[in-house]
Amino acid sequence: MKINTCYYATFREKTKKSDEVIETSAKNIRELYEELTRKYNFELTLNEILVSVNNENQFDFDYIVKDNDTIVFLHAMSGG
């Protein structure tokens, strides 16, 4: 299946890309993130990121990804 991925901040620095289309067999966001972490050596854990799927925030990392989904990875930052 093909997934559209978009990267911002830390992720863009690691991938050297703002977006890409990837071919994956990942079943859910968790597996997709693990796959991309192996490929790009992401340092953030799932607890440190935010994910958007098709322009909607997705807090369930077991969300089943579908062909042509657009998934955005963001570094969750806190301010004070």
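From a predicted model like this one, the values you see are computed outputs, not experimental measurements. Computed over heavy atoms, backbone and side chain alike; hydrogens, waters and symmetry mates excluded.
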Verify the distance criterion only: is there a donor paired with an acceptor across the side chains of Tyr63 and Lys27 at less than 3.5 Å? no
If only atom types and distance count, is the side chain of Glu20 paired as donor or acceptor with the main-chain N or O of Asn4 below 3.5 Å? no
Show me the donor-acceptor pairs within less than 3.5 Å that the side chains of residues 49-57 make with the rest of the protein, sequence neighbours left out.
unit_1 : atom_1 : unit_2 : atom_2 : d
Ser52  : OG     : Glu56  : N      : 3.4
Asn54  : OD1    : Thr70  : N      : 2.8
Asn54  : ND2    : Asp69  : OD1    : 2.9

What is the distance from atom [atom1] of [X] to atom [atom2] of [Y], rounded to the nearest 0.5 Å?
X     : Y     : atom1 : atom2 : result
Leu74 : Leu44 : CG    : CG    : 11.0 Å
Thr37 : Leu46 : OG1   : CG    : 7.5 Å
Asp60 : Gln58 : CG    : CD    : 5.5 Å

Which heavy atom of [X] sits nearest a heavy atom of [Y], and at what distance?
X     : Y     : result
Lys66 : Ile64 : NZ-O, 3.3 Å
Glu48 : Glu43 : OE1-O, 4.2 Å
Ala26 : Met1  : O-CE, 3.3 Å

Lys2/Asp67 salt bridge by N-O under 4.0 Å criterion: no
Hey, what's the ring geometry for Tyr7 with Phe11, parallel, tilted or perpendicular (30° and 60° as the breaks)? tilted
Only counting residues at least two apart or in another chain, list the ones meeting side chain to side chain donor-acceptor pair (under 3.5 Å) with Tyr33. none
With Glu35 as partner, the option from Arg38, Glu31, Lys39 fulfilling side chain to side chain contact (heavy atoms under 4.5 Å, CB included) is Arg38
Hey, would you say the Tyr8 and Phe73 ring centroids sit under 6.0 Å apart? no
